[in-house]
Protein chains: 2
Amino acid sequence: MTSTRPLRADAVRNRQLLLAAAADEFAERGLDASVADIARRAGVGKGTVFRHFATKNDLIAAIVLDRIDALNAVGEELLDAADPGTALLEFLTVAAHQRQQRDLSFLHESGELPPKVTRARERMSDNVHRLVDRARRHGAVRADVTGADIILLMCAPNYVASYVPDAAPDLWRRYLAIIFDGLRPEGAHPLPHPAPPTP
Amino acid sequence: MTSTRPLRADAVRNRQLLLAAAADEFAERGLDASVADIARRAGVGKGTVFRHFATKNDLIAAIVLDRIDALNAVGEELLDAADPGTALLEFLTVAAHQRQQRDLSFLHESGELPPKVTRARERMSDNVHRLVDRARRHGAVRADVTGADIILLMCAPNYVASYVPDAAPDLWRRYLAIIFDGLRPEGAHPLPHPAPPTP
DNA sequence: CAATAAACGGACCGGGCGGTCAACTTGTTA
DNA sequence: TAACAAGTTGACCGCCCGGTCCGTTTATTG
């Protein structure tokens with residue numbers, strides 16, 4: 001019930017500049033990038049950052065929320081695609097592509113997150129489970145992998161590729177392909193450990 | 001040619017305590033663990049840490065060197081194992097197991113490392129290439145993956161598993177199995193991106 | 001046991017970080 | 001255009017970190 005007046009024009013512009021600058025900075029230098037650097041990159045004073053985002057974590061959360069929302073839109077569209085197998089692959093491709101470059105995979109951090117982020121993450125988890133179930137029923141994915149597995153594996157291609165210095169920007173595609181081949185039923189060997197809980 | 005007197009008895013003990021404490025601390029809290037905490041855990045003053053390791057990076061390097069050396073011993077033993085396929089899997093299992101818990105995957109950091117570490121890493125790279133070549137010739141691994149791929153993928157299972165809170169300590173085995181299935185020739189689909197350079 | 005150098009410990013330093021604040025600027029509104 | 005609230009800014013604060021230094025302790029050795 002908090003009646004909020006509309007933001008001033010320069011404020012909305014600065015907010016966008018900040019989100020973009022922060023995303024770039026985090027992409028290049030990881031989540032350790034300093035708030036001061038982000039502010040400088042956005043052409044803005046450090047104080048302005050904290051006016052828009054009370055905390056560095058809130059800033060990160062805002063970026064992550066944007067990305068999860070975008071991913072959810074794609075995921076929900078793919079839920080009734082013709083081929084469930086390629087739909088799942090497509091989803092993983094988008095996920096890896098958007099998270100390109102650096103970490104941000106702190107999706108997982110179950111510690112104190114704004115409820116909005118938690119809700120978006122739950123929706124994503126739901127989408128992934130549906131996508132995986134469909135693909136499994138369609139015989140495109142081995143019977144013994146779960147949605148939880150896929151969520152965990154989602155960030156692996158970028159992580160792997162990020163360790164080659166001056167990597168080609170699309171190298172992650174190679175590792176996504178290898179991992180996805182490991183998810184197929186053909187040539188699958190029984191897994192030595194049960195899947196993690198789904199929460 | 002620096003004639004070095006033998007270390008004093010307490011010094012060698014403290015050095016061991018420090019290496020152990022640092023390994024534990026890094027395992028639990030990542031490489032950001034503070035030198036002060038490591039010293040406290042070892043039951044030693046902070047100054048003592050720097051007497052043994054001029055720099056925090058030197059301490060990390062010492063630990064990493066130990067691990068790479070151990071891994072090299074295993075790798076060289078496996079080079080003439082009966083089954084090249086299971087030999088490679090075994091190697092990856094040992095690698096993942098020893099790097100259990102947390103990162104330390106800074107194997108890759110090509111930036112300023114002590115020459116000893118660089119040499120050990122090169123030896124490891126060599127071993128992995130041999131292991132992979134043997135496995136490939138034996139038909140246990142798809143034709144289009146290289147040693148460089150495997151080195152990159154080596155840390156992925158731990159990375160993936162590390163993101164589930166309170167994970168079972170062996171969860172990484174599950175993801176190693178999935179990734180290894182992706183490396184097999186059966187059901188392999190062509191890869192969309194060339195392998196990274198081998199250096 | 002005495003003498004000596006090696007090893008130890010913790011107060012201390014400079015720097016960089018996230019976050020605050022009060023003076024100042026600017027968009028908005030009547 | 002006047003006036004006010006919203007927004008901006010950069011100096012500033014406290015904290016913690018890696019690393020230094022020197023007075024003190026201790027293993028070694030003859």
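Below, read A as the first sequence line, B as the second, and so on, with proteins coming before strands; counting in each chain starts at 1. Since this is a predicted model, take the numbers as computed values, not measurements.
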Fill in: Gap between atoms CG and C1', on Asp32(A) and dG15(C) respectively (whole Å)
16 Å
Discussion item. Give the residues of residues 43-53 of chain B touching DNA chain D, defined as any heavy atom closer than 4.0 Å, sorted by residue number.
Written reply: Lys46(B), Phe50(B)
Worksheet item: With a 4.0 Å cut-off on heavy atoms, is Ala33(B) in touch with a base, just the backbone sugar-phosphate, or nothing at all?
Response: sugar-phosphate
Discussion item. Could you tell me how far apart Asn57(A) (CG) and dG18(C) (P) are, to the nearest whole angstrom?
Written reply: 10 Å
Fill in: Nearest-nucleotide 5' precedence on DNA chain D, Lys56(B) against Leu7(A)
Leu7(A)
Worksheet item: Does any N or O in the side chain of Glu25(A) come within less than 3.5 Å of the main-chain N or O of Ser34(A), such that one atom is a donor and the other an acceptor?
Response: no
Worksheet item: Roughly how many Å is it from CZ in Arg5(B) to P in dA27(D), rounded to a whole number?
Response: 18 Å
Discussion item. Can a donor-acceptor pair be found, under 3.5 Å and without considering hydrogens, that links the side chain of Arg41(B) to the backbone of Ala20(B)?
Written reply: no
Practice prompt. With the side chain of Asp10(B) defined as its heavy atoms from C-beta on, choose the nearest nucleotide among dC17(D), dC8(C), dG27(C).
Written response: dC8(C)
Discussion item. If you compare every side-chain N and O of Arg8(B) against the phosphate oxygens of dT26(D) (OP1, OP2), does one of them come in below 4.0 Å?
Written reply: no
Item to complete: Respond yes when some side-chain nitrogen or oxygen of Asn14(B) is under 4.0 Å from OP1 or OP2 of dA7(C), and no when none is.
Response: no
Discussion item. Taking salt bridge (Lys or Arg N to Asp or Glu O under 4.0 Å) as the definition, give me every residue that meets it alongside Glu76(B), ordered by chain and number, with sequence neighbours left out.
Written reply: Arg123(B)
Fill in: Test log, rule side-chain contact (heavy atoms from CB on, under 4.5 Å), inputs Val128(B) and Phe91(B)
CA-CA 9 Å; Val128(B) 170; Phe91(B) 178 82; 3.6 Å; yes
Practice prompt. State whether Thr55(B) places a side-chain N or O below 4.0 Å from either non-bridging phosphate oxygen (OP1 or OP2) of dG19(D).
Written response: yes
Discussion item. In whole Å, I'd like the distance from the CD1 atom of Ile38(B) to the C1' atom of dC17(D).
Written reply: 12 Å
Discussion item. Rounded to whole Å, how long is the line connecting atom CZ of Arg40(A) with atom C1' of dC17(C)?
Written reply: 13 Å
Response to the item:
Rounding to 0.5 Å, atoms NE2 (His193(A)) and CZ (Arg173(B)) come to a distance of 8.5 Å
Worksheet item: In whole Å, what is the span from the CG atom of Asp37(A) to the P atom of dG15(C)?
Response: 17 Å
Practice prompt. Indicate, with yes or no, if Leu31(A) and Phe50(A) share a hydrophobic cluster defined by side-chain heavy-atom contacts under 4.5 Å among Ile, Leu, Val, Met, Phe, Trp and Tyr.
Written response: yes
Worksheet, complete the sentence: Whole-Å distance, Asp58(B) CG to dT20(D) P, equals 11 Å
Worksheet entry | Value in whole Å for how far the P atom of dG19(C) lies from CG of Leu59(A) | 10 Å
Item to complete: Verify whether one side chain among Tyr175(A) and Asp149(B) offers a donor that lies under 3.5 Å from an acceptor in the other.
Response: yes
